[in-house]
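A, B, ... follow the sequence lines: proteins, then strands. Residue 1 opens every chain.
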2 protein chains.
Amino acid sequence: MATIYQVSEMAGVSLSTVSRVLNDNDYVSKKTKKKVLEAMKELGYQPSSIARSLASSTTNSVGILVSELDGPFFGQMMSAIEEHLRIAGKHVIITPGHSDEKKEKSGFEFLIGRNCDAIIAHVEAVSNEYLIELSKGKTPIYLMSRYVKEIEENCISLDNVMGGYLATKAMINKGHKNIAYIAGPQFKEDASNRLKGHKQALAEYNLTFDENLFYIGDFKETGGSDGLRHFIQNKAQITALVCANDEMASGAMKYAREHGFNLPKDLAIIGFDNVIFTNYLYPTLTTIDNPVPEMGRAAANLVLKDIYKKSGITIKHVFQPKLILRDSTPDIN
Amino acid sequence: MATIYQVSEMAGVSLSTVSRVLNDNDYVSKKTKKKVLEAMKELGYQPSSIARSLASSTTNSVGILVSELDGPFFGQMMSAIEEHLRIAGKHVIITPGHSDEKKEKSGFEFLIGRNCDAIIAHVEAVSNEYLIELSKGKTPIYLMSRYVKEIEENCISLDNVMGGYLATKAMINKGHKNIAYIAGPQFKEDASNRLKGHKQALAEYNLTFDENLFYIGDFKETGGSDGLRHFIQNKAQITALVCANDEMASGAMKYAREHGFNLPKDLAIIGFDNVIFTNYLYPTLTTIDNPVPEMGRAAANLVLKDIYKKSGITIKHVFQPKLILRDSTPDIN
DNA sequence: TGTGTTTTTACTCGCGCTTTATAAAAATAT
DNA sequence: ATATTTTTATAAAGCGCGAGTAAAAACACA
């Protein structure tokens, strides 16, 4: 691998001259610049970003810490952030935290150790205190889908309480009274907030929250099927099912169909997140839109503004969910 | 940020001693080791992997270059590779190539510049020649879902021709004669091989390949709907539809339903890849299993063996697809 | 021709760590 | 007690680059 030194030798100039044409800021005469450029091409020179980082303590790369590498939700998120950052010439380094405290912490450490200029994290298992403490370090931390008051300027979040409220209210408005709820793991902030919204909606319409119509799932397809099985086995009389995310809703739909339900007539189902495939289910799934791509762009913009000093950017920190009515929640008569 | 120097000072030993306990290979007495470890903890010391890489020219990280960050196929792939590598203490750096030649090349450059110990790539736009040339460089390249003869030892691939063959043959076996095919972008090797398999199956059963029953889609949901629309508008009389991947199949299903088809009776549909959501569609989608997770693990194992000298590993290079029969392809009578 | 400016280039140090070669200390043998 | 081996620690060089400072070259003006 050619180094800057060999380039300088070949071009007959000093090291720093080469360095200067690399970062093309300082004064270099056109003639020498050309010479250097030619030498670079000749040698197939590729600057080592590692060495660069060490010397300049800036890497032009931002770390992304997500829960999972797969799953439509995180896919959209990573994609939106990366795309937006790439335009600005920044790169991303992605690592998963698997919703596990240890792994999330080790993910942060990895990213910090790699001198990321900033980290955008979607973490669920670490405590707020940890995050606040971490934010005092040299690497700025930005949080996706999580609101921590002490560092709210670094948070991009969705109003999940409102989302949960909208979902259940939609069912109530359709005329349902026996509404079951499949929640997500309650240590996850968005899951608990969505549940909170569900309860608010029930309360507003004088419906009581019934433990028998409540199940905690895993945010995956299995959570939906397990939840519905639970309700059926307990002979719960329900006409509507609210799921805390789309994966669980789709799992519930499949389970329902396999157990003789005629969808959507026998059971109305609503999801949450509006991931792509909801629109390809049958019946198409009513859900709550979670504007992940926009939020990803907002996070990217935030680091562009804070870290890379791009001007003229205004950031929205809290996003609003929106009800998307489709076929899985028909009017009842 | 604490450096190795401050640790050495605090522990009252030399730099290199600290370095040795870090890499705990050479001889260090238990006593000094303990002293150093304590000093590290006290200072909250975190070794800078950047500096480490520069000095040792090894990073314990492997680059992953995928087409897209979202999409169930790539999600599974990234996840499988990462999980397997993480066990061995290696990290991944992921970057997308967007099936675009320039972007794929820049992805390679980025990863190489970051001194990845190896790169696992799923690329579609760059030429075989480029890949062969690249393989001569200092960073070993491994290819997912692509077979290049000259570097076959570094390839993990699926027998896509066989997959395409199995899909169409399944339809023929169900009794269909008017079988339409929605292919993927033909510059992608897997897409063109699947098509090849389709043609083989047709030939084997003396069915002629009909341009009117052929459409090239984009491997996304829209490709499926566009394709089916095309056939309908051209008044093609078809009873079966073979799609080159699951996303297109799901798009086609939706379009079919919206246009009065009674699925699966009026139109049998088969996909390809067996991504998770196929099992949650209605009717559940018959498809060709693409063992992505296994292939991901194989790729990870390959670099573990080649690069990190882990022993006792045998690698399978070519994987076989498998027909997964579900409800979208009923028997016809 | 000499002095003052401006433009261009070269040197040197250091980023935080690994890695020799080498010295010092401890353990063992004679 | 001394020589010899084994174990442990040190010092110094260098990985590839950036940045600040010093020096050289080019130019301008009188």
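Map B:Ser29 and B:Ala55 each onto its nearest nucleotide of DNA chain D; the residue landing nearer the 5' end is B:Ser29. Looking at which nucleotide of DNA chain D each of B:Val28 and B:Ala51 is closest to, the 5′-most match is held by B:Val28.
Between the side chains of B:Ser14 and B:Thr17, a donor-acceptor pair is found at a separation under 3.5 Å. For the 3.5 Å distance criterion, the side chains of B:Glu124 and B:Ser67 qualify, holding a donor opposite an acceptor.
For the pair B:Lys316 and B:Phe319, the cation sits on the ring face: its NZ or CZ lies under 6.0 Å from the ring centre, inside 45° of the axis. Under a cutoff of 6.0 Å and an axis angle of 45°, B:Lys188 and B:Phe219 do not form a cation-pi pair.
Contact annotation: B:Ser56 does not reach the phosphate of C:dT18 (side-chain N/O to OP1 or OP2, under 4.0 Å). Close to D:dC17, at under 4.0 Å from its OP1 or OP2, lies no side-chain N or O of A:Ser48. Within the structure, every side-chain polar atom (N or O) of B:Arg52 is placed at least 4.0 Å from both OP1 and OP2 of C:dG16. For B:Tyr45, a side-chain nitrogen or oxygen approaches OP1 or OP2 of C:dC17 to under 4.0 Å. Between A:Ser16 and the phosphate of C:dT9, there is no side-chain N or O to OP1/OP2 separation shorter than 4.0 Å. Here A:Thr17 reaches the OP1 or OP2 of C:dA10: one of its side-chain N or O atoms lies under 4.0 Å away.
Considering only side-chain atoms of A:Leu54, the nucleotide from C:dC17, C:dG16, D:dC17 that sits closest is C:dG16.
Contact annotation for B:Val18: no contact, since no heavy-atom pair falls under 4.0 Å across all strands. Within 4.0 Å of A:Ser57, counting heavy atoms only, lies no atom of the nucleic acid at all. Looking at heavy-atom distances under 4.0 Å, B:Thr32 makes contact with sugar-phosphate atoms alone, never a base.
For A:Lys31 and C:dT8, the NZ to P distance is 11 Å, given to the nearest whole Å. Across the protein-nucleic acid pair, A:Leu15 atom CG and C:dC13 atom C1' stand 13 Å apart, rounded to whole Å. Following rounding to the nearest Å, A:Lys30 (NZ) and D:dA26 (C1') show an atom-to-atom distance of 17 Å. Atom OH of A:Tyr5 and atom P of C:dA10 are 13 Å apart (whole Å). Note: NZ (B:Lys34) to P (D:dT8) measures 17 Å, nearest angstrom. Rounded to a whole Å, the CG atom of A:Asn60 is 15 Å from the P atom of D:dC17. For the pair A:Asn23 CG and D:dG16 P, the interatomic distance rounds to 17 Å; values are reported in whole Å. Atom CD1 in B:Ile50 sits about 14 Å away from atom P in D:dC17, given to the nearest Å.
Remark: the backbone N or O of A:Ile141 is paired with a side-chain donor or acceptor of A:Asn154 at under 3.5 angstrom.
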What protein N or O atoms touch nucleotides 21-25 of chain C N or O atoms at under 3.5 angstrom, if any, and at what distances?
none

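A pairwise comparison of heavy atoms in B:Leu65 and B:Pro96 identifies CD1-C, 3.9 Å as the closest pair.
In summary, the aromatic rings of A:His122 and A:Phe73 are positioned with their centroids under 6.0 Å apart.
Contact check for A:Met77 versus A:Met144: side-chain heavy atoms found under the 4.5 Å cut-off.
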